[in-house]
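Note that the coordinates shown come from a computational prediction; the quantities given were computed from them, not determined experimentally.
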Amino acid sequence: MSRVEIRWRKSSFSADPEGHCIELASHEGDVFVRESDDPGVVIKATPMKLRAFIASVKAGNLDGIA
């Protein structure tokens with residue numbers, strides 16, 4: 001398996017001057033999400049699944065889930 005260089009982008013909603021933020025990247029149709037404080041943990045999703053997750057968060061459907 002070969003390694004691929006992924007270019008991470010800081011979320012425009014992350015305003016922390018110390019760089020603590022959510023970062024996004026894409027590669028071959030997948031979207032990757034990571035927290036800059038723990039860059040070794042990466043979530044991989046399709047764009048459709050990520051949109052559904054964000055919509056669910058905005059709607060409050062995940063409030064109180066531990």
### Message
So for atom CZ, which belongs to Phe53, do other residues, nucleotides or ligands contribute more than 12 heavy atoms lying within a distance under 6.0 Å?
### Response
no
### Query
What is the distance from atom CD1 of Ile43 to atom CZ of Phe32, rounded to the nearest 0.5 Å?
12.0 Å
### Query
If you round to the nearest 0.5 Å, how far is CG of Asp30 from CG of Leu50?
11.0 Å
#### Entry: Joint hydrophobic cluster, Met48 plus Ile54, side-chain heavy atoms closer than 4.5 Å
no
#### Entry: Co-membership, hydrophobic cluster, residues Ile22 and Val41, 4.5 Å side-chain
no
### Query
Under 3.5 Å, side chain of Ser36 to main-chain N/O of Cys21, donor-acceptor pair present?
yes
### Query
Does the distance from a Lys or Arg side-chain N to an Asp or Glu carboxylate O, for Arg34 and Glu23, drop under 4.0 Å?
yes
## Note on the structure
Looking only at heavy atoms, the pair that brings Leu62 and Val57 closest together is CD1-CG2, 3.6 Å
### Query
Of the non-hydrogen atoms in Trp8 and Val42, which two are nearest, and what is the gap between them?
CH2-CG1, 3.9 Å
